[in-house]
There are 2 protein chains.
Amino acid sequence: MRRDSRLSGVLHVLLHMAEQPGPSTSEALARAMDTNPVVIRRIMAGLRDRGYVRSEKGHGGGWTIACDLAAVTLRDIHDALGRPELLAMGHRTDAPGCLVEQAVNAALGEAFDEAEALLLRRFGEISLAALSADFHARLAERGGSPTLESNHAA
Amino acid sequence: MRRDSRLSGVLHVLLHMAEQPGPSTSEALARAMDTNPVVIRRIMAGLRDRGYVRSEKGHGGGWTIACDLAAVTLRDIHDALGRPELLAMGHRTDAPGCLVEQAVNAALGEAFDEAEALLLRRFGEISLAALSADFHARLAERGGSPTLESNHAA
DNA sequence: TCTCATGAAACTTCATATGTTGCATGACTG
DNA sequence: CAGTCATGCAACATATGAAGTTTCATGAGA
């Protein structure tokens, strides 16, 4: 099953924006992500509604970070994306009358719930600032330049 | 994203077969599962290849359990299904050149790996016999009859 | 007014689980 | 041996949702 990469994508966008002094246009971000500007706007819409980022139209417009990176976690971002499904598997029937299927659902459901809870807990432990710090650590190790373009073909 | 219900479905089938004295036809199982016989054959093929079940053609043919339920775990069944994806999310790019994306992948990947490991561990802890026992416990509580049909519209 | 940027809607593409049909194969029955 | 029942397999249809694309409206700044 094709895996949802919106969380991965939006984090990539946010960290690039954090390296930019001014606003970043959807077009520039899309070029860096090798995708379409509309896709950028789509995944950013939820973050804008929550006030994590701001968007401005017209000349000099684009996207700006509008929150404290240390105060926002991956879980917040996941929520802003609309809490997409975490697991690729599910029950065949949600409320089965069959006792066999109830037993199956109970056993699987427990494992599913634990895995989802684990993921959400981990997401809640990682702030955007921590991600950014990890990036800068990698940058220092590599000795590269901190510009957006240097890491992409663009 | 539409969730994969093959594991749930095949477990349902196996537990029903365990309640049957003789072989169960794909057609009968499909009726109980409210699906198509070909779907049953499809999800059972992997289990047959591993020797967990046997299939016989012709009169009196059908599917029979060919393993010790206590010796086979949900993880074995998951393997027999071809180890479908467990998580609905993934990386945007698997081996990115961009350091930002590497940092994102590292953080997310750790959480993903933990969640997958947890699921597989839990699956490995649950045997088919345990599932069957849970079913019988529910049955005793409900006081129903142990037939396949009693739990389904058929 | 012209240009640049987002906002929103509609459409296409793609992957994959699921559902369906048709036919070949093999096993039992009479 | 012919007929029926069942699986095996291939091909095709359907449905869902992420991702990509096109188009037009809107608003901000030069």
Side-chain angles (χ1 to χ4, degrees), chain A residues 1-10 12-13 17 20 22-49 53-66 78 81-93, chain B residues 1-10 12-13 17 20 22-49 53-64 66 78 81-94:
Chain A
M1 191 171 286
R2 193 178 203 174
R3 296 166 94 179
D4 182 347
S5 65
R6 280 176 294 179
L7 181 57
S8 168
V10 77
H12 190 176
V13 165
M17 284 169 59
Q20 291 281 91
S24 310
T25 66
S26 306
E27 210 280 331
L29 293 169
R31 224 180 312 118
M33 308 269 297
D34 195 36
T35 182
N36 194 288
V38 178
V39 174
I40 302 291
R41 293 191 189 111
R42 193 140 64 200
I43 61 179
M44 296 289 278
L47 278 69
R48 182 191 54 224
D49 294 345
V53 296
R54 208 174 14 239
S55 64
E56 303 286 351
K57 292 182 176 181
H59 274 279
W63 298 89
T64 324
I65 290 182
H78 176 252
L81 289 175
R83 299 190 192 181
E85 286 292 349
L86 294 170
L87 302 185
M89 318 182 56
H91 300 317
R92 212 180 56 84
T93 305
Chain B
M1 191 171 285
R2 192 179 205 172
R3 296 166 95 179
D4 182 347
S5 65
R6 279 176 294 179
L7 181 57
S8 168
V10 78
H12 190 176
V13 165
M17 285 170 59
Q20 291 282 92
S24 311
T25 65
S26 306
E27 209 280 331
L29 293 170
R31 224 179 313 117
M33 308 269 299
D34 194 36
T35 182
N36 194 288
V38 179
V39 175
I40 303 292
R41 295 190 188 111
R42 194 139 66 199
I43 62 178
M44 297 290 278
L47 277 69
R48 182 191 55 223
D49 294 345
V53 296
R54 207 172 16 236
S55 64
E56 304 286 350
K57 292 182 175 180
H59 274 279
W63 298 90
T64 324
H78 177 252
L81 290 175
R83 302 190 190 182
E85 286 292 347
L86 295 170
L87 302 186
M89 320 182 54
H91 299 317
R92 214 181 54 84
T93 305
D94 277 327

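Order of the sequence lines fixes the chain letters, A, B, ..., with proteins taken first and strands second; residue numbering starts at 1 for each chain.
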Name each donor-acceptor pair under 3.5 Å that joins a side chain in residues 58-66 of chain A to protein atoms two or more places apart or in another chain, with its distance.
residue, atom, partner, partner atom, Å
Trp63(A), NE1, Ser26(A), OG, 2.8

**Prompt:** Looking at Thr35(A), does any N or O in its side chain come under 4.0 Å of the phosphate oxygens OP1/OP2 on dG20(D)?
**Reply:** yes

**Asked** Taking CG from Asp4(B) and P from dT16(C), how many angstroms apart are they, rounded to a whole number?
**Response** 12 Å

**Request:** Assess whether one donor atom and one acceptor atom, taken from the side chain of Arg3(B) and the base of dG17(D), lie less than 3.5 Å apart.
**Result:** no

**Message:** Under 4.0 Å, heavy atoms only, any strand: does Arg48(B) hit a base, just the sugar-phosphate, or nothing?
**Reply:** sugar-phosphate

**Asked** Could you state the CG-P distance from Leu7(B) to dA17(C), rounded to the nearest angstrom?
**Response** 13 Å

**Item:** Atom pair distance, as rounded to whole Å: CD1 in Ile43(B) and P in dG19(C)
**Value:** 10 Å

**Message:** Over all strands shown, is Gly62(A) touching base, sugar-phosphate only, or nothing at heavy-atom distances under 4.0 angstrom?
**Reply:** sugar-phosphate

**Request:** Would you please confirm or rule out a distance under 4.0 Å between OP1 or OP2 of dG8(D) and any side-chain N or O of Ser55(B)?
**Result:** yes

With 3.5 Å as the limit, what N/O pairs link the protein to nucleotides 22-25 of chain C?
residue, atom, partner, partner atom, Å
dT25(C), O2, Lys57(B), NZ, 3.1

**Request:** Only counting residues at least two apart or in another chain, list the ones meeting salt bridge (Lys or Arg N to Asp or Glu O under 4.0 Å) with Arg6(B).
**Result:** Asp4(B)

**Item:** Ala45(A) or Pro84(B), whichever maps to the more 5' nucleotide of DNA chain C
**Value:** Ala45(A)

**Message:** Check this one for me: any side-chain N or O of Ser5(A) less than 4.0 Å away from OP1 or OP2 of dA19(D)?
**Reply:** yes

**Request:** Considering just the side-chain nitrogens and oxygens of Ser26(A), establish if one lies under 4.0 Å of OP1 or OP2 belonging to dT6(C).
**Result:** yes

**Asked** Between atom CZ in Arg42(B) and atom P in dT16(C), what is the gap in whole Å?
**Response** 14 Å

**Message:** Distance check needed: dA28(D) P versus Glu56(A) CD, whole Å only.
**Reply:** 9 Å

**Message:** Using the salt bridge (Lys or Arg N to Asp or Glu O under 4.0 Å) criterion, which residues pair with Arg83(B)? Sequence neighbours excluded.
**Reply:** Asp79(B)

**Prompt:** Quick one: the side chain of Arg6(A) and the base of dG17(D), do they pair up donor-acceptor inside 3.5 Å?
**Reply:** no

**Asked** By side-chain contact (heavy atoms from CB on, under 4.5 Å), which residues pair with Asn36(B), not counting sequence neighbours?
**Response** Val38(B), Val39(B)

**Message:** His78(B): which residues meet the ring-ring contact (aromatic ring centres under 6.0 Å, His included) condition with it, sequence neighbours left out?
**Reply:** none

